Amino acid sequence: SPGGSLYALAGLEDAPAFAVLEREDGSFAYAAYEGPAESGEALAALYGADSAESLSSLSLESGTSRDEAVLEEFYSCFLALESAGAPPESAEGSLLRVGFQNGLVLRMEYLPEEGLLCTGADAYPAGEELAALLDSLEQ
């Protein structure tokens, strides 16, 4: 495990899912779960998100939104995502950060040319509506 030995890991049924790592110096660090998760709905549940109100922000490179309508649209599109398997290895994209009210942040790679949102374990086809929403964050 990166940076230290595994101290505790929340089970996949227990949201939010994150690892607590105990470093060699005795300090603790948090590492978020990156999948695999078969759907956006399953991934959101791992972070404790049960509604759009569970989200606090959406950030893509230089653009950030805390607008309730944007978060609601993102949440409904995100829940509909289905994993298409492992992400491409060599693709370059933008870092998408999904902030949650509980303080956790889901980091995903957005690959606009491929139309994919990727975690460390899954690639989710974004679809036109979600792609347009993400592109609007950069404006």
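Please read all numbers here as calculations on a predicted model, not as lab measurements.
Side-chain contact check for E41 and S39: no donor-acceptor pair (N or O, by modelled atom type) lies under 3.5 Å.
Under the rule for a side-chain hydrogen bond (donor to acceptor under 3.5 Å, both in side chains), E82 has no partner lying at least two apart in sequence or in another chain. Remark: E61 engages S94, L95, E138 in a side-chain contact (heavy atoms from CB on, under 4.5 Å) (not counting sequence neighbours). Under the ring-ring contact (aromatic ring centres under 6.0 Å, His included) criterion, Y75 pairs with no residue, sequence neighbours left out.
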Criterion side-chain contact (heavy atoms from CB on, under 4.5 Å) on L58 and V98, from CA distance to verdict: CA-CA 5 Å; L58 198 58; V98 183; 3.9 Å; yes
Kindly determine whether F78 and L106 satisfy side-chain contact (heavy atoms from CB on, under 4.5 Å), including the steps that lead there. CA-CA 12 Å; F78 188 75; L106 171 59; 4.0 Å; yes
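For CD of Q101, the number of neighbouring non-hydrogen atoms (other residues, nucleotides, ligands) closer than 6.0 Å is greater than 12.
In terms of heavy-atom proximity, A86 sits nearest to A123 at O-CB, 4.0 Å. Of all the heavy atoms in A37 and D122, the pair that sits closest is N-OD2, 2.8 Å. Between S65 and L137, the shortest heavy-atom contact is CB-CD2, 3.6 Å. The two residues L71 and S57 come nearest to each other via the heavy atoms CD2-C, 3.8 Å. Residues D67 and A69 share a closest heavy-atom pair of OD2-N, 3.0 Å.
In this structure, the side chains of L116 and Y124 stay at 4.5 Å or more apart for every pair of heavy atoms. L81 places a side-chain heavy atom less than 4.5 Å from the side chain of L130.
Between atom CZ of residue R107 and atom OG of residue S59 there is a gap of 10.5 Å, rounded to the nearest 0.5 Å.
Cluster annotation: L111 is not connected to M108 through the hydrophobic network of ILVMFWY side chains, with a link wherever side-chain heavy atoms come within less than 4.5 Å.
Between the E72 side chain and the A52 main chain, no donor and acceptor come within less than 3.5 Å of each other.
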